[in-house]
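Notes for the one structure printed next.
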Amino acid sequence: MAGRVFVVGVGMTKFEKPGSRDWEYPDMAKEAVGKALADAGIAYDKVEQAYAGSMYGSMGQRALYETGMTGIPVMTVANACATGSSALFLARNAIRGGLADCTLALGMEKMQKGSLGAGMENSKVTIIDHHLRAMVEGRGGWEAAAPMPQMFGNAGREHMEKYGSKLEHFAWIGWKNHKHSTNNPYAQFQDEYTLEQIQNAPMIFEPLTKLQCSPTSDGAAAAIVASERFVDEHDLWDRAIEIAGQYISTDTPDSFEDKSSINVVGFGCSQRAAKKAMDEAEVSIDDVDVIELHDCFSANELITYEALGMAGIGEAHKLIDAQATTYGGKWVVNPSGGLISKGHPLGATGIAQCAELTWQLRGKADARQVEGAQVALQHNIGLGSACAVAVYKRPVR
């Protein structure tokens with residue numbers, strides 16, 4: 001039987017506007033890992049394996065040299081926007097398989113200003129060539145807009161056309177996540193806006209205004225992951241949060257066959273990963289209290305409500321009408337501010353989600369705290385495609 005796995009320490013840097021802070025990958029790693037080790041109350045020499053996630057840096061071992069050089073295996077991980085969660089997946093699997101008792105998952109990124117591109121722009125084959133082709137065929141052509149907001153914006157348009165969601169529903173998600181971020185000192189943005197300001201911001205690709213799109217960011221996050229034996233030996237139960245279920249799903253042919261923009265941006269991946277993770281954790285979505293969801297654009301948050309089973313197909317906007325995904329609702333989604341307001345350094349995002357949910361389940365999220373949170377869900381997707389979903393629980397010994 002696979003062993004139980006716990007997050008025992010988390011740490012992160014503040015997410016920053018690209019270029020606003022003079023730092024390199026090793027500086028980021030040292031800060032985030034140092035905070036995670038201090039949170040766990042252990043020294044770096046207790047870590048037996050490390051997984052260092054970055055889409056652009058590919059630093060691996062070098063990023064950790066300022067933290068420590070202990071000779072352990074260090075693996076560089078890159079998996080689109082799900083890079084950080086993929087590092088966490090590998091760190092957990094090493095423990096589940098009995099290969100280690102304490103591992104490190106690190107995510108970090110230094111990004112360029114401006115809109116995220118499609119990747120490998122000078123190649124005939126890109127990580128999203130299947131996705132772009134299906135979108136263009138399904139929507140009847142390419143529009144003059146950056147690829148990522150166009151892809152997710154088209155998913156939003158499809159939802160509006162098929163199910164009757166409105167511009168106001170997408171804007172409300174932006175309003176909610178910016179409002180949540182006002183209580184997060186790690187967020188790139190901590191400004192609150194009115195719904196009208198969200199709606200009247202510059203249009204990037206309808207229905208997405210600028211304040212409904214995640215910014216590029218610099219930053220890092222880290223998690224110390226441990227076995228039950230390690231938690232016992234080091235008396236870490238007061239800070240241990242169990243990763244009770246976790247799965248990474250990739251594309252299947254149905255992502256592209258019907259040329260649906262909703263399917264192109266990973267609806268099926270999210271649905272499959274969520275089912276697998278919740279089945280392993282032996283919970284349903286109704287058992288979940290708090291969710292960190294990959295809101296790279298507000299349209300993705302809306303359609304993911306349906307992929308996670310929070311609403312029936314075509315009914316996600318009803319959750320928004322009921323304000324069911326903020327404080328006082330059935331779930332609190334993105335108490336951190338999400339990617340839209342916290343920021344989105346690709347390699348760091350998944351671990352930052354883990355950190356937020358760990359704090360929430362410990363009851364240590366300060367003004368962001370979701371009262372009585374016992375079960376949390378993390379959703380992190382990257383086109384090309386990989387979707388990582390994890391379920392966290394307050395542990396029962």
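As the structure is a prediction and not an experimental result, all values here were calculated from the model.
A salt bridge links Lys35 with Glu31: the closest approach of a Lys/Arg side-chain nitrogen to an acidic carboxylate oxygen falls below 4.0 angstrom.
For the atom pair Leu383 CG and Cys269 SG, the distance stands at 8.5 Å (nearest 0.5 Å). The OH atom of Tyr44 lies 10.0 Å from the CE atom of Met69; values are rounded to the nearest 0.5 Å.
Side chains of Ser86 and Asn79: a donor on one and an acceptor on the other come within 3.5 Å. A donor and an acceptor atom, one from each side chain of Asp321 and Trp172, are nowhere located under 3.5 Å apart. If you check the side chains of Ser217 and His344, you find no donor sitting under 3.5 Å from an acceptor.
Formation of a donor-acceptor pair under 3.5 Å by the Gln378 side chain with backbone atoms of Gly350 is found in this model. In this structure a side-chain-to-backbone donor-acceptor pair under 3.5 Å is present from Glu109 to Gly347. At least one donor-acceptor pair under 3.5 Å links the side chain of Tyr25 to the backbone N or O of Lys110. For Asp295 (side chain) and Phe297 (main-chain N/O), no donor-acceptor pair under 3.5 Å exists by modelled atom type. Remark: side-chain polar atoms of Thr250 are not paired, donor with acceptor, to backbone N or O of Ile248 under 3.5 angstrom. A donor-acceptor pair under 3.5 Å is absent between the side-chain atoms of Ser341 and the main chain of Gly338, judged by distance alone. In this structure a side-chain-to-backbone donor-acceptor pair under 3.5 Å is missing from Lys30 to Thr67. The backbone N or O of Ile285 lies less than 3.5 Å from a partner atom in the side chain of Trp331, making a donor-acceptor pair. A distance-only check finds no donor-acceptor pair linking the side chain of Gln271 to the backbone of Phe267 [under 3.5 Å]. One N or O on the side chain of Asp27 and one on the backbone of Glu24 form a donor-acceptor pair closer than 3.5 Å.
For the side chain to side chain donor-acceptor pair (under 3.5 Å) condition, the pairs that include at least one residue of residues 380-391, sequence neighbours left out, are Ser85-Asn380, His131-Ser385, Asp251-Ser385, His294-Asn380.
Met59 and Pro26 make their closest contact through CE-CD, 4.1 Å (heavy atoms, listed as atom of the first residue, atom of the second, distance). Between Pro147 and Leu132, the shortest heavy-atom contact is CB-CD2, 4.4 Å. Of all non-hydrogen atoms in Ala226 and Val231, the two that sit nearest each other are CB-CG2, 4.2 Å. Minimum interatomic distance between Gly53 and Ala87 (heavy atoms only, all atoms of both residues): N-CB, 4.4 Å. Contact detail for Ala40 and Leu236: the closest heavy-atom pair is O-CD2, 3.3 Å. Pairing each heavy atom of Lys14 with each of Ala187, the nearest pair is NZ-O, 2.6 Å.
Ring-centre distance between His180 and Tyr327: below the 6.0 Å cut-off. Between His159 and His317, the distance from one ring center to the other falls under 6.0 angstrom.
The local environment of NE2 in His234 is crowded, with over 12 non-hydrogen atoms from other residues, nucleotides or ligands closer than 6.0 Å. A 6.0 Å sphere centred on CD of Glu371 holds no more than 12 heavy atoms belonging to other residues, nucleotides or ligands. The environment of CD in Glu137 is crowded: more than 12 heavy-atom neighbours from other residues, nucleotides or ligands sit within 6.0 Å. Surrounding NZ of Lys275 are at most 12 heavy atoms belonging to other residues, nucleotides or ligands under 6.0 Å away. More than 12 heavy atoms of other residues, nucleotides or ligands lie within 6.0 Å of NZ in Lys330, so this atom counts as buried by the packing criterion. Residue-environment remark: CZ (Arg21) exceeds the threshold of 12 foreign heavy atoms within 6.0 Å.
Using cut-offs of 30° and 60° on the angle between ring planes, the pair Tyr186 and Trp359 is parallel.
Contact of the Ser336 side chain with the Glu292 side chain is registered, since non-hydrogen atoms from C-beta on lie closer than 4.5 Å. Side-chain contact check for Gln112 versus Tyr56: every heavy-atom pair is 4.5 Å or farther apart.
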Ignoring hydrogens and angles, write down the donor-acceptor pairs under 3.5 Å from the side chains of residues 198-209, residues two or more places apart or on other chains.
{"unit_1": "Asn200", "atom_1": "ND2", "unit_2": "Glu196", "atom_2": "O", "d": "3.1"}
{"unit_1": "Thr209", "atom_1": "OG1", "unit_2": "Ile198", "atom_2": "O", "d": "2.7"}
{"unit_1": "Thr209", "atom_1": "OG1", "unit_2": "Gln212", "atom_2": "NE2", "d": "3.0"}

